[in-house]
Amino acid sequence: MKEKLRWVYNQHYLEQDHIKQATAILPYFSLDQVRKVGQFQRTYEQFEKTPLHHLEALSSYIDVEKIMIKDESYRFGLNAFKVLGGIYAIAQYVANKLGRNIEELSFEQLKTPEVRAQVGNLTFISTTDGNHGRGVAWAARELGFQARIYMPAGSAAERLLHIKSEGAFAEITTMNYDDTVRYTSQLAQENGWVLIQDTMWQGYEEIPLWIMQGYTTLVQEIDEQIQQAPTHVFLQAGVGSFAGAVVAFLQQYYEQDITFVLVEPHVANCYYESFKKNTDQFVTVGGEMQTIMAGLACGEPNPQAWQILKAYTKISISCEEEIAATGMRVLGNPLATDTRIIAGESGAAPFGCFYEIMTNEQYKELKHALHLNEQARVLFINTEGDTDKESYREIVWHGKYANQ
């Protein structure tokens, strides 16, 4: 019998030594810093806050106080949140080249011929499963620069076409995600291109941090859209940059305790394996990492995100493909007057885990460990919509990856 979910306590949770390590990073995600990020991003003429949905009928059915879902499928018309990180990192890079502070500049100012004349022709390069690369390609095109995007083996052809439609050079490699990152890093060094990647290593820390900061605009919006702090936040992990940014801000912003839960696919569960091993250093996983949760198919944690998540994550969950598929189907077929949410595979995975925990007696122990009861206010972030429409239809219409 397949293990739909595997879960592990984080033995480092709220240990003082690890909180001290995380504390060194937290100022980059303070309210003042997050406001500066949002101030720049809101200078984009077509900027709009994405919706936050309250699924009241489903909350009653599952017996929790609230289910809240921030829907990033509406972000900038790109069907995913990733552009928030890409545009902020590129803007910060250009601002540094100009010797200016980002808060002094607007999106429109960065698009001017005068700016391009000062900074010269720039080419930005990145590895992506689709959403991050499309955001980088979009941002580069909007600002008058070039982009080169490389995708790991098994990436969806539709996502490749979306990237090319933004004017970038793009191709699918024969390597997994982490090896493709190493390849693009090498290309950047050899050609003088600018690497825009959301994971970091020694000597490459600044740009990944900017990307993480870029993500926080959606968290600030959540604060503006809810009346009470969540008691639980389920977050998809990947390299951990997105989850780390969300946790870093919320942990500082709200006085009450929040239970943070990480979610990954079985084939790319580096955080789950790291917490299971229970050492100070993270572990990596390798192999082809083929999963429908393409945005989470990463085997090496971002070191800074690891410091944050090691300190504040309570439980890590590794899940089977059908968990994400169930999440997609439930969100796409709402109860009563609840809003229909079109969630992609990575966007739906945390909700799918939550739904399985709440409806399957097999996970009663996990439900109790997380204190998921009638007082729970649970927050999810739908990180992308149907970015691979063929796959979405196969799963939601035709029952691919159905429960077995």
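Everything quoted here is computed from the prediction, not taken from an experiment.
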Going by heavy atoms in the side chains, are [X] and [Y] under 4.5 Å from each other?
{"X": "Asp17", "Y": "Gln21", "value": "no"}
{"X": "Thr123", "Y": "Asn191", "value": "no"}
{"X": "Thr284", "Y": "Glu300", "value": "yes"}
{"X": "Arg182", "Y": "Thr127", "value": "no"}
{"X": "Leu98", "Y": "Leu110", "value": "yes"}
{"X": "Met200", "Y": "Val239", "value": "no"}
{"X": "Asn96", "Y": "Trp210", "value": "yes"}
{"X": "Phe242", "Y": "Leu218", "value": "yes"}

Do you see a donor-acceptor pair shorter than 3.5 Å between the side chains of [X] and [Y]?
{"X": "Asp71", "Y": "Ser73", "answer": "yes"}
{"X": "Ser391", "Y": "Glu345", "answer": "yes"}
{"X": "Thr387", "Y": "His162", "answer": "no"}
{"X": "Lys4", "Y": "Gln362", "answer": "no"}
{"X": "Glu190", "Y": "Gln186", "answer": "yes"}
{"X": "Glu72", "Y": "Thr50", "answer": "yes"}

I need the [X] [atom1] to [Y] [atom2] distance, nearest 0.5 Å.
{"X": "Met212", "Y": "Leu209", "atom1": "CE", "atom2": "CG", "value": "7.0 Å"}
{"X": "Thr231", "Y": "Asn373", "atom1": "OG1", "atom2": "CG", "value": "7.5 Å"}
{"X": "Met151", "Y": "Ser126", "atom1": "CE", "atom2": "OG", "value": "10.5 Å"}
{"X": "Ile196", "Y": "Thr184", "atom1": "CD1", "atom2": "OG1", "value": "11.0 Å"}
{"X": "Leu331", "Y": "Leu55", "atom1": "CG", "atom2": "CG", "value": "7.0 Å"}
{"X": "Ile292", "Y": "Glu320", "atom1": "CD1", "atom2": "CD", "value": "9.0 Å"}

Have a look at [X] and tell me which of [options] forms a side-chain contact (heavy atoms from CB on, under 4.5 Å) with it.
{"X": "His232", "options": "Leu379, Val64, Val378", "result": "Val378"}
{"X": "Ser318", "options": "Glu273, His266, Lys276", "result": "His266"}
{"X": "Tyr312", "options": "Thr259, Leu250, Val247, Asn10", "result": "Val247"}

Neighbour count above 12 (heavy atom, 6.0 Å) for [X] [atom1]:
{"X": "Gln281", "atom1": "CD", "result": "no"}
{"X": "Asn121", "atom1": "CG", "result": "no"}
{"X": "Tyr61", "atom1": "OH", "result": "no"}
{"X": "Glu224", "atom1": "CD", "result": "yes"}
{"X": "Glu56", "atom1": "CD", "result": "no"}
{"X": "Asp257", "atom1": "CG", "result": "no"}
{"X": "Glu390", "atom1": "CD", "result": "no"}
{"X": "Glu365", "atom1": "CD", "result": "no"}

Please confirm whether the backbone N or O of [Y] pairs with a side-chain atom of [X], one donor and one acceptor, at under 3.5 Å?
{"X": "Arg340", "Y": "Pro334", "result": "no"}
{"X": "Lys310", "Y": "Asp280", "result": "yes"}
{"X": "Gln256", "Y": "Pro230", "result": "yes"}
{"X": "Arg377", "Y": "Ala229", "result": "yes"}
{"X": "Asp198", "Y": "Ile211", "result": "no"}
{"X": "Gln236", "Y": "Ile381", "result": "yes"}
{"X": "His12", "Y": "Thr279", "result": "yes"}
{"X": "Thr216", "Y": "Val219", "result": "no"}
{"X": "Gln33", "Y": "Ser30", "result": "no"}
{"X": "Asp388", "Y": "Glu158", "result": "no"}

Paired with Phe234, the ring pair (Phe, Tyr, Trp, His ring centres under 6.0 Å) test is passed by just one of Phe380, Trp7, Tyr355, Phe351, namely Phe380

So Tyr271 and Phe275, would you call those rings parallel, tilted or perpendicular, with 30° and 60° as cut-offs?
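Correct class here is tilted.
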
Please find the pair of heavy atoms, one from [X] and one from [Y], that lie closest to each other, and give the distance.
{"X": "Gln228", "Y": "Glu65", "value": "OE1-OE2, 3.5 Å"}
{"X": "Arg329", "Y": "Val396", "value": "CG-CA, 3.9 Å"}
{"X": "Gln252", "Y": "Phe29", "value": "NE2-O, 3.2 Å"}
{"X": "Ala324", "Y": "Ala348", "value": "O-CB, 3.7 Å"}
{"X": "Thr291", "Y": "Pro265", "value": "OG1-CB, 3.7 Å"}
{"X": "Cys270", "Y": "Cys298", "value": "SG-O, 3.6 Å"}

Carefully, step by step, assess Glu356 and Thr326 under the rule side chain to side chain donor-acceptor pair (under 3.5 Å).
CA-CA 9 Å; Glu356 188 72 19; Thr326 297; 5.3 Å; no

Are Arg75 and Phe81 in a cation-pi setup, meaning NZ or CZ lies under 6.0 angstrom from the ring centre and within 45 degrees of the ring axis?
no

Matching residue for Thr217 among Gln41, Lys49, Gln39, Arg42 - test: side-chain hydrogen bond (donor to acceptor under 3.5 Å, both in side chains):
Gln41

Establish, yes or no, whether a centroid distance under 6.0 Å links the rings of Phe47 and Phe107.
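No, the ring centres sit 6.0 Å or more apart.
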
Take Trp138 and Tyr44 through the test ring pair (Phe, Tyr, Trp, His ring centres under 6.0 Å) and record every step on the way to the result.
CA-CA 13 Å; Trp138 177 89; Tyr44 175 56; 5.2 Å; yes

